[in-house]
*Asks:* 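Handing you this structure, nothing more for now.
A note on names: the letters A, B, ... follow the listed sequences, proteins ahead of strands, and every chain is numbered from 1. This is a predicted model, so every value here is computed, not measured.
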Amino acid sequence: MNGDGEMGLIGDTFDEAFLGRDGDGGFETRSPSDNFDASEEDREAEEPPKKKRYHRHTPRQIQELEAFFKEYPHPDEKQRSELSRKLGLESRQIKFWFQNRRTQMKMQLERHENVMLKQENEKLQIEYNNLRAMDPMCNNCGRVALPGEVSFEQNQLKIENARLREELCRVSSLTSKFFVKPLSQSDNPLSTSSKLALAVGRNEICGLGNVGATMPMPKGLGLGDSILSTSPVVTLMKPEMGVIENEMQVDRSMFVNLALIAMDELIKLAQPDSSLWVKGLNGGNDVLNHLEYTRTFRGCIGIKPTGFVTEATRETDVVIINSLSLVETLMDANRWVEMFPSIIARASTVDVISTGLNGNKNGALQVMHAEFQVLSPLVPIRPIKFLRFCKQYAEGVWAVVDVSVDAGSEGSNLNACRRLPSGYLIQDVGNGCSKVTCVEHSEYDDNYVHQLFQPFVNSGMAFGARRSLVSLQRQCESLAVLVSSDISGEENSGITSGGKKNMIRLAQRMIDNFCNAVCASSVRKWDKLRVGDVSEDVRVLTRKSMNDPGEPAGIVLSAATSVWLPVDRQKLFDFLRDEQLRSEWDILSHGAPMHEMLQIAKSRDGRNCVHLLRAGAIDVDVTEKSMLILQETWHDNSGSMIVYAPVELPSIAEVMNGGDPAYVALLPSGFAILPGFPSGHGGSHNCNGMPGNGNIDDDAVGSFLTVGFQILVNRLPAAKLTLESVQTVNTLIACTIQKIKAALKLA
DNA sequence: GGACTAATCCCCG
DNA sequence: CGGGGATTAGTCC
């Protein structure tokens, strides 16, 4: 029946009480089938004399309850009695269980929040101490320097320092090219044609074994043991029959090989005290030590193509998700995309080479294809085909590594990009949280990145580890907050939890749609328009929308552009999300403030939120004709978003009452804000030629604002696109940016 | 001794 | 009266 063998710790059967629980060996050898729930409960029921007060629900029951809880953290009476019948538990027990589960969830969230606050506090404390420790005297005149002057001079020095460091790396990598023997055919794992024997043999050489020395492991669970006891690491699945079978076998063994090497590299890169990284300036992000890197690894996917630049970042933090769930999410293309909206445009699993051992993801290896995006039309998406390999190192310790395959064959591609070993090292830290180290390492041709964005992308802020990790944190926090707000009964909005869930799903679809329109990923087929009149930094796309109940049918026009504004990101975000100030830029507001009708919080601080707004005076009754706006906002360390779409009252009302959100027609527009500096800005921040440094003191520097509008040009998909409509949308963008600048006094 | 969890107690709308 | 927060009690590590 259920896959999980019953491990002794939860067992509470009658016999076990007499057998004693000390010998843990005894339980593990029991077959799962000789202890199933029905008989167990029967026995329990026949035991009236000493009715044990303490008792735990069986794993099967808990599993079912958990599954149900994921869907409905707040079951009604009917659902509860259904469950009680199905699981053979009293209805009150079900009630208690859910009650307890919800409070537990809430506590986890609170504790997690505490941890985060503490960390932030520590960070600030360190920063403060550093500032205190620095001599605030001005060298020239001896007077106490103003804080601004100090940081300016320091900034100059730091920038200079980074430039020199970078130059050193470049020079040393050049020299090493001449002095180190280049990769020959037989060295390159990609070109090896040996079969499985090699793959398994390689396992012992290439380091999964020697990783143990450097990985901090929980006591009693030496890495060596776990590797040895589970080797061979991967079990190959049978490839499909056919003439190409032999070739595929070779292919697959190459993949296994490459995956193992990549995993070894990831683990080394993820070590906290690794010499592969140098501390960034300002105690900021780690910067890859290219010299050390080329010395340690032999380039598992070959030499960097000429003209490519490198981008490498890593980041570590606590995330409110346990290792197992995170691993499951990463290994499932659909769930992965959902977890990283705005970063992963689409993903699919092309081939599964191994599904893993014993029903879990340990040893799972698959070929995937994904498109990575940054929310700007000026940064091309990165389509990448890669291996994703998952390995469990100990109880609660996992790693998932990606590495490009076929990078060569796509070399001619416009936005060619290679993913060097990148991924996640995940360690449970209790309380449903895990410590996640993210490594993002890639090489790409930055000629296809708009000049404005080159320093930003080079710095690793665009596709780097911080953005991945922060996005993961935000998404996980949202999930936790949603569950816990269900608990605390913040139902004053008058919306049911089902309706709330629907609204969130709808908003999620809205975000996806917006990202697609801005980034032009291949989720939908867009045609690019070239119109003489339109500024070349505005990208205009068009497509026909048909047979999708999720959007209005007709010809859709999408226009998007990005500009840099010398304004604090937070300020820009607060301005754009303020419904009272909306009339200052939004033509949909018809010059009047908007009003909030509904708010569904997705984070504690209220910045990540789904809103329902309404245009028009507040004292006018809401009628079927009222203009409503669905809006989602979020704001985190890596960027912010405000995305909205006009919606019709009847369809929204239906969704809130449990109707399917897939049938609400949406055509979203909105903004994405990214922290950073443009190329060539203001002299002191001219960071051209300062790549590979993920450390930008962001908010002080300014913001990139991406504006994306979608309009329905014609309700008939067959109609012709007119020049006027293109100009309309172009003007709309220009005016909106102008208005925003004016409102923020930047013009 | 703290984390976890099933069950109680008790208050509030 | 039912739900939910606070609390308790039994167990495991």
*Asks:* Please confirm whether the shortest side-chain N or O distance from Gln93(A) to OP1 or OP2 of dA7(B) is below 4.0 Å.
*Replies:*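 It does, given that an N or O in the side chain of Gln93(A) lies less than 4.0 Å from OP1 or OP2 of dA7(B).
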*Asks:* Atom CZ of Arg101(A) to atom P of dG5(C): distance rounded to whole Å?
*Replies:*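 Checked: the CZ to P distance equals 15 Å.
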*Asks:* Taking only side-chain N and O atoms of Arg92(A), does any of them lie within less than 4.0 angstrom of OP1 or OP2 on dT8(B)?
*Replies:* yes
*Asks:* Would you find more than 12 non-hydrogen atoms of other residues, nucleotides or ligands less than 6.0 Å from Gln508(A) atom CD?
*Replies:*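 Check passes, neighbour count above 12.
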*Asks:* Are Thr437(A) and Thr316(A) linked by a side-chain donor-acceptor pair shorter than 3.5 Å?
*Replies:*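 There is such a pair between these side chains.
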*Asks:* Holding to side-chain contact (heavy atoms from CB on, under 4.5 Å), I want the full list of residues that pass it with Ser422(A), two or more places apart in sequence or in another chain.
*Replies:* Arg419(A), Glu440(A), His441(A)
*Asks:* Please list each protein N or O that sits under 3.5 Å from an N or O in nucleotides 1-3 of chain C, with the distance.
*Replies:*
| unit_1 | atom_1 | unit_2 | atom_2 | d |
| --- | --- | --- | --- | --- |
| dG3(C) | OP1 | Arg80(A) | NH2 | 3.4 |

*Asks:* Tell me, please, which residues at least two apart from Gln366(A) pass side-chain hydrogen bond (donor to acceptor under 3.5 Å, both in side chains).
*Replies:* none
*Asks:* Figure out the CG/C1' separation between Asn100(A) and dT8(C), and round it to whole Å.
*Replies:*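 In whole Å, dT8(C) C1' lies 12 Å from Asn100(A) CG.
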*Asks:* For His57(A) and dC4(B), what is the distance between atoms NE2 and C1' respectively, to the nearest whole Å?
*Replies:*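 To the nearest whole Å, that distance equals 14 Å.
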*Asks:* Calculate the interatomic distance between Phe98(A) atom CZ and dA7(B) atom C1'; express it in whole Å.
*Replies:*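 So the CZ-C1' distance, Phe98(A) to dA7(B), works out to 16 Å.
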*Asks:* Of all the choices, dT8(B), dG5(C), dA6(B), which nucleotide is nearest to the side chain of Thr103(A) once you look at every atom?
*Replies:* dG5(C)
*Asks:* Name the pairs: protein N/O against N/O of nucleotides 10-13 of chain B, kept only if under 3.5 Å.
*Replies:*
none

*Asks:* Checking Thr633(A) now: which residues fulfil side-chain contact (heavy atoms from CB on, under 4.5 Å) with it, not counting sequence neighbours?
*Replies:* Phe573(A), Arg577(A), Cys609(A), His611(A), Gln631(A), Ile642(A)
*Asks:* Rounded to the nearest 0.5 Å, how far apart are NZ of Lys435(A) and CG of Leu425(A)?
*Replies:* 8.0 Å
*Asks:* Listed by chain and number, what are the side-chain contact (heavy atoms from CB on, under 4.5 Å) partners of Asp636(A), not counting sequence neighbours?
*Replies:* Val470(A), Arg474(A), Trp634(A), Ser638(A)
*Asks:* Under 4.0 Å between a side-chain N/O of Trp97(A) and OP1 or OP2 of dT5(B), yes or no?
*Replies:* no
*Asks:* Please check if the number of heavy atoms outside Glu77(A) that lie under 6.0 Å from its CD is greater than 12.
*Replies:*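 At most 12 heavy atoms, drawn from other residues, nucleotides or ligands, come within 6.0 Å of this atom.
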*Asks:* Within this structure, what is the CD1-to-P distance between Ile94(A) and dA7(B), rounded to whole angstrom?
*Replies:*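 Distance check: Ile94(A) CD1 to dA7(B) P gives 10 Å.
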*Asks:* Tell me: CD of Gln104(A) to P of dA6(C), nearest whole Å?
*Replies:*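 Interatomic distance, CD of Gln104(A) to P of dA6(C): 16 Å.
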*Asks:* What is the ring orientation for Phe98(A) with Phe68(A), classed by angle as parallel under 30°, tilted 30 to 60°, or perpendicular over 60°?
*Replies:*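 Rings of Phe98(A) and Phe68(A): perpendicular, over 60°.
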